[in-house]
Amino acid sequence: MRDMELIEGHRAITPPEGMPVWDVDPFDTDILRDPEAYYGELRARGPVVYIPRWSVLACGQYETTRTVFSDHENFVSSRGVGLNDFHLGEPWRPPSIILEVDPPEHTRTRRVMSRALSPKVVKTLVAMFAETAERLVEELVAQHRIEAVEDLAERFPISVFPPAVGMRDVDQRILVDYGACVFNAMGPDNALRRAALARNAQIAPWIMAACARERLTEDGIGAMIYADADTGEIAADEASLLVRSLLSAGVDTTVTGIGNALHCFAANPGEWDRLRADPSLVRPAIEEVLRYTSPVHTFGRTAGRDSQIAGFPVVEGTKILCVLGAANLDPGKWGEDAGCFRIDRRPMGHMAFGAGIHGCVGQNIARAEMEAVLTALARKVARIEFDGAAPWRPNNAIHALDKLPLKLIPA
Ligand code: OVM
């Protein structure tokens, strides 16, 4: 251990006995822009592979990915879910006290967040979500041609989520960019991560200030979290960090989910017709969007002790990339048409929200946002057509569109 070699701030490992070795950079911008071939090859090479470029393991087959991701006892989050091992170096920001912790620390903060984002709370927001979506979609349909990333995918969550949290002043650019920073920071020290961290120097102070109790309304999700500081369930500085988690994980992800949904339907007009013919398919349609174009494509874990993956030995300190995007397209799980977007698939057990004790705590609110947007669109828009190139935006952990020029054909 004394002369342990580090790479990307984690323990450099030797290839585990018998494990396939793949000389690839999963964070190469070409792969991040168009990952499907990489996903397929990752799954084809085996349940787990060793990637020398970053001295990490990676899995993309559904079963193994799910097993590793939900095994919080062997594969911990407290050492960071990116490539840096928090045991061996300073994290780039004070760690999240819900994402980057293990039980027992995780249990208390998770309980507070679960309550603040419970189905009961989400229910109180759906009318506001629906009205906002109706108004926004009406305006955009009148416009006819839109740049759907900024005009809709970003604008909708920014119009509803920060107000739901209780934020009084909202800045679309800062909030969306902060999410991009957090997710790019999970990757290696590449150009994406460097740019994100440089940008974060300006953003982080704004974000932390926005998390203070006196900046929040008394009736929002943020106030609910602070109320748990009054009872002593958490400390006041923990409340502000949990509000930071809302802003870290709750904006860029839903922006991406909505943008990706629009892309799915522009590319599959027959599925749009089906949704319009039967609006009760909106919920399964959302799950299929999440499976087919998972907003979070890759998330890491660290082996907290010597263990095994798919029968191969894994030493303590090993970083494992769980490629959720690959698992969600695995024909071994979803069948030979895994690569088809079908809104009636009902893809039970998809990995877009993760799995296990760290499974997305905001998934109910995320679904509610997507439902509001798709429902309003299904009522008012007969066809969603591409109106130019729709390139993807490379990010070390998020699979999002950079631009999405669309024509909305009114119903
Ligand atoms: C957090 C956090 C940040 C990014 C993602 C996430 C998907 C959580 O700060 O707690 O979960």
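In each ligand, atom 1 is the first atom listed, and ligand 1 is the first ligand listed.
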Self-check item: Residues lining ligand 1 [heavy-atom distance under 4.0 Å, listed by chain and residue number]
Solution: R93, S96, I98, L99, V182, F183, M186, S245, S248, A249, F299
For residues 37-44, dump all side-chain donor-acceptor pairs below 3.5 Å to protein atoms at least two apart in sequence or in another chain.
from: E41; atom 1: OE2; to: R45; atom 2: NE; distance (Å): 2.9
from: E41; atom 1: OE2; to: R45; atom 2: NH2; distance (Å): 2.7
from: R43; atom 1: NH1; to: A326; atom 2: O; distance (Å): 3.0

Show me the side-chain donor-acceptor pairs of residues 222-229 shorter than 3.5 Å, one per line, residues at least two apart or across chains.
from: Y226; atom 1: OH; to: C211; atom 2: O; distance (Å): 2.7
from: Y226; atom 1: OH; to: R213; atom 2: N; distance (Å): 3.4
from: D228; atom 1: OD1; to: R115; atom 2: NH1; distance (Å): 3.1
from: D228; atom 1: OD2; to: R115; atom 2: NH1; distance (Å): 3.0

Quiz item: With the threshold set at 4.0 Å, does a side-chain nitrogen-carboxylate oxygen contact exist between E287 and R367?
Solution: yes
Quiz prompt | side-chain hydrogen bond (donor to acceptor under 3.5 Å, both in side chains) partners of T107, counting only residues at least two apart | solution = none
Quiz item: Taking atom types as modelled, is there a side-chain donor on D85 or T302 under 3.5 Å from an acceptor on the other?
Solution: no
Quiz prompt | Distance-minimising heavy-atom pair for S307 and N74 | solution = CB-OD1, 3.7 Å
